[in-house]
Amino acid sequence: ICRACAGLVEVPHAALERAAHLYHAGIRYMDDWLAARIQRLDELGLLDDTVVIVAADHGENLGENGFIAHALSLDNRLLRVPFVVAGPDAGAPEINSLADLPRYIAGRAGIADHPWTDGPPAGYGVAQFDPPGTDGDPETIRGFERMGVGENLEPFTTPLTCAVAGDLKLLRRGDSEELYDLTEDPLEQRPLSPSEAGPERDAALAGLRQALEHPAVATLAGQSAAAPPPEASEQEMQDLEERMRLLGYM
């Protein structure tokens, strides 16, 4: 995956078609599974007292713009996910980010004393990608060299942050900014320079920048060069492994 995303190997079109087929089949499987769970709730007479929330954590790149899987980019194919709410007094929640979901659930459950009070800026979709490596770090260089990716490490060491509102998306790639008109360029292949966006977009651009500077979104300058965290204890590692098992990663 890393070699493909770095442009060092080309994934055959047939392989991408198979991946897309399996991806769609997985969605259909989950759709059927959800239908069975909802039907069971209905049979037990619980559905009228239950708020059902369906969401996803991310989308997937299947060769678009040269990317595979769901890392190294913040394309809308990864960011736009299903969000469906149904049930008594569910209303029409205005949620633009999954980071707002815990606060919404706490509110629907009547939990006033909860920690989710520092959510993302209202009205904006925001997302971040923390790179797997650090620029200039010897261990990062050795690790990617072992994977055959030693030519261009920039995609693997550059943090990404974006804010979306309406048809405009502002992406910060390290210290640089890229602006996308999602109506004219839905595949995000033609970045615009924010300085050339035109006066009619000044207010929208200012709002996007303000969203990226929100305390819940902004990262500390130079964070990638910060001292590494202390090593985890054996108990902490066991707890982490148990969480990973529960999530299906181990």
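- Note that the SG atom of C2 and the CG atom of L153 stand 10.0 Å from one another [nearest 0.5 Å].
- Listed by first and then second residue, the salt bridge (Lys or Arg N to Asp or Glu O under 4.0 Å) pairs involving residues 196-205 are D181-R201 (not counting sequence neighbours).
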Show your reasoning for whether side-chain contact (heavy atoms from CB on, under 4.5 Å) applies to L170 and L205.
-> CA-CA 8 Å; L170 182 64; L205 183 57; 4.0 Å; yes

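- Between E188 and E178 there is no side-chain heavy-atom pair separated by less than 4.5 Å.
- Here E60 does not pair with R80 in a salt bridge; the nearest charged N to carboxylate O distance is not below 4.0 Å.
- Closest approach of A165 and G123 over heavy atoms only: CB-O, 4.2 Å.
- For D48 against P88, the heavy-atom pair with the smallest separation is O-CG, 3.3 Å.
- With hydrogens and angles left out, the side-chain atoms of N65 and Q189 include a donor and acceptor closer than 3.5 Å.
- Following chains of ILVMFWY side-chain contacts shorter than 4.5 Å, one cannot reach L62 starting from F129, and the two form parts of different hydrophobic clusters.
- In terms of modelled atom types and a separation under 3.5 Å, the side chain of H21 and the main chain of E17 share no donor-acceptor contact.
- Residues V54 and L41 share a hydrophobic cluster, clusters being chains of Ile/Leu/Val/Met/Phe/Trp/Tyr side chains in contact below 4.5 Å.
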Given N96 and V126, is the side-chain contact (heavy atoms from CB on, under 4.5 Å) satisfied, shown in steps?
-> CA-CA 8 Å; N96 294 283; V126 294; over 6 Å; no

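- Considering every non-hydrogen atom in both A71 and L78, the closest pair reads N-CD1, 4.4 Å.
- Side-chain atoms of T134 and D137 include no donor-acceptor pair closer than 3.5 Å.
- Under the 4.0 Å criterion applied to side-chain N and carboxylate O atoms, E184 and R190 are not assigned as salt-bridge partners.
- E10 places none of its side-chain heavy atoms less than 4.5 Å from the side chain of R3.
- Here the closest non-hydrogen pair linking V149 and L8 is CA-CD1, 4.1 Å.
- From E231, atom CD reaches atom CE of M237 across 10.0 Å, with rounding to the nearest 0.5 Å.
- Rounding to the nearest 0.5 Å gives a distance of 6.0 Å between CD1 of I68 and SG of C5.
- By the salt bridge (charged side-chain N to carboxylate O under 4.0 Å, His left out) test, D32 is found to be paired with R28, residues two or more places apart in sequence or in another chain being considered.
- One finds the CZ atom of F156 at 11.5 Å from the OG1 atom of T140 (value rounded to the nearest 0.5 Å).
- The line from CG of D167 to OG1 of T183 is 4.0 Å long, rounded to the nearest 0.5 Å.
- Hydrophobic clustering, with ILVMFWY side chains joined whenever heavy atoms are under 4.5 angstrom apart, groups I38 together with W33.
- Distance CG/L208 to CG/L179: 7.0 Å, rounded to 0.5 Å.
- Nearest heavy atoms, L79 versus A127: CD2-CB, 3.6 Å.
- By the 4.5 Å heavy-atom criterion applied to side chains, T161 and L171 are not counted as neighbours.
- At most 12 heavy atoms of other shown residues, nucleotides or ligands fall within 6.0 angstrom of atom CD1 in I1.
- Here the closest non-hydrogen pair linking P159 and P131 is CA-CD, 3.6 Å.
- Side chain of Q39 to backbone of A36: no donor-acceptor contact under 3.5 angstrom is found.
- Heavy atoms from other residues, nucleotides or ligands lying under 6.0 Å from CD of E241 number more than 12.
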Y124 and V217: side-chain contact (heavy atoms from CB on, under 4.5 Å), yes or no, with the steps?
-> CA-CA 11 Å; Y124 291 89; V217 181; over 6 Å; no

Given side-chain contact (heavy atoms from CB on, under 4.5 Å), test Y104 with I53 step by step and report yes or no.
-> CA-CA 11 Å; Y104 170 75; I53 300 175; 3.8 Å; yes

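- Residue-environment remark: CZ (R243) stays at or below the threshold of 12 foreign heavy atoms within 6.0 Å.
- Using a 4.0 Å cut-off between a side-chain N of Lys or Arg and a carboxylate O of Asp or Glu, E145 and R142 do not qualify as a salt bridge.
- Side-chain contact check for H214 and Q210: no donor-acceptor pair (N or O, by modelled atom type) lies under 3.5 Å.
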